[in-house]
Amino acid sequence: MTRMRQSQLFTKTRKEAPSDEVAKNAQLLIRAGFVHKEMAGVYDLLPLGLRTFEKVVSVIREEMNKIGGVEMHLSALQDPAVWQKTDRWSDEKVDSWFKTSLKNGGELGLGFTHEEPLTNLMREQISSYKDLPTYPYQFQTKFRNEARAKSGLMRTREFVMKDLYSFSKNSTEHMAFYEKAAEAYKKIFERVGLGDKTYMTFASGGSFSKYSHEFQTECEAGEDVIYIDDASKQAINKEVYDDAEVYKTTGINKATLREAKAIEVGNIFTLSTRFSEALGLKYKNQEGTEVPVFMGSYGIGPARLMATVAELLSDAKGLVWPKTIAPFAVHLVELSAGNEDVKKEADEVYAQLTAAGVEVLFDDRDARAGEKFADSDLIGIPLRVVVSQKTIASGAFECVERATGHTTHKTLSELITDLSHV
Ligand code: ATP
Ligand code: MG
């Protein structure tokens, strides 16, 4: 569906966000009617929010497919037995588990990540070097019993993650893909409008390897502290900042670094054989010897990405979406004040724009101009096109860019030509 009449959109904009909502991203997304807050750390996606979310997902999917990703979907419910094999079932080892129980006894987990079940599943698929490398991925709901849930949609207890896992023959093959994945990540963050503020960042490898890489977007609302090297566009997470090894490995200079707060929008991990050994995922190499598969994992949270854009690319009037992830390309605003000619003209513009494949939200509501403009600014669609008695008289429609406020006057055919080139 590429178009929508606002009179049929059930969501209302709000002047105030709920008083318990402290994060700017959630305040704006709630006020503009993109999301609804169920409870702390849990949000629903409303129609406009879903459209932007799906666009973020599409950008990620395209870039994952380009590097050989193959999409799938695993279950949220988890069998403890698989997690016991890697020693990640106990609450002492993993503090973010949500666990539940079966009516007839026995526990189940709600997946907070998917290394274990996927590694286990791949034992049925991988047996020879001919089966490698392979790169399955999914957009799937994770559950995490996060202690802090104060950052709005940036840290939620239920969220969709794009998680890709690489299965390679050895570390050389793995590193070649790891670098490709890093490039794909850069493209994703550029495409959603965060490229100039996002840094590939050295971070702790956790229990898997010495280091991992995070993609950190500089933002005051971020929970992480990073040290940025502007010259190379790289950064170091504070958690590994004191480790002299990092400097040797990255070649980043100590002297020019600047400290900044940042949001982790994605990360890439070398897992090595941590999971394949524990779960028995092996393959026969060309010499006929059985060896463990070499793995990596690559995560992005599309809603955290959407929230980061809301946090950074907004102004006093509301959200400001980049064209790539805006819920619609055009906000068509009819100011008829009951005038039938204006209504007819606006209907015609709506029909022609959508026929040309332009995604339009049509404000056909019976409301005052001030209210329509305030809502339009709050929702943040890149281009507002106004149809009024004045624009009909002049033969051109007023077109206002949301990001800059830049105003031009265009005929319908000029508008269609412009927009079909986007
Ligand atoms: P963080 O350090 O912020 O807690 P993480 O290191 O646990 O995140 P991963 O488990 O690797 O992150 O998750 C991969 C991606 O999923 C993150 O880079 C982020 O974009 C997203 N993500 C992680 N946790 C959340 C959450 N609680 N809410 C929304 N998105 C999340
Ligand atoms: Mg992290």
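Please read these numbers as outputs of a predicted model, since none were measured by experiment. As the structure lists them, so they are numbered: ligands from 1, and atoms in each ligand from 1.
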*From Ile300 atom CD1 to Glu63 atom CD, the distance as rounded to the nearest 0.5 Å*: 9.5 Å
*Please round to the nearest 0.5 Å and tell me the distance separating atom CD1 of Ile236 and atom OH of Tyr247.*
4.0 Å
*Assert yes or no for the condition that the ring centre distance of Tyr298 to Phe177 is strictly below 6.0 Å.*
yes
*Taking the six-membered ring for Trp and the single ring otherwise, decide whether the centroids of His213 and Phe202 are under 6.0 Å apart.*
yes
*Does Lys169 offer a backbone N or O that forms a donor-acceptor pair with the side chain of Tyr283 under 3.5 Å?*
yes
_Strictly distance-based, threshold 3.5 Å: is any side-chain N or O of Arg144 a donor or acceptor partner for the main-chain N or O of Phe112?_
yes
_Arg304, portion touching ligand 1 at heavy-atom distance under 4.0 Å_ = side chain
*Backbone or side chain, does any N or O of Val265 fall under 3.5 Å from an N or O of ligand 1?*
yes
*Between Gly301 and ligand 1, is there a nitrogen or oxygen pair with a distance under 3.5 Å?*
yes
Examine ligand 1 and decide if any of its atoms is less than 4.0 Å from a heavy atom belonging to [X].
X: Gly266; answer: yes
X: Glu223; answer: no
X: Thr156; answer: yes

*asked:* Heavy atoms only: which of Arg144, Met161, Lys142 lies closest to atom 10 (O) of ligand 1?
replied: Arg144
*Arg155 heavy atoms, cut-off 4.0 Å: which ligand 1 atoms fall inside?*
1 (P), 3 (O), 4 (O), 26 (C), 27 (N), 28 (N)
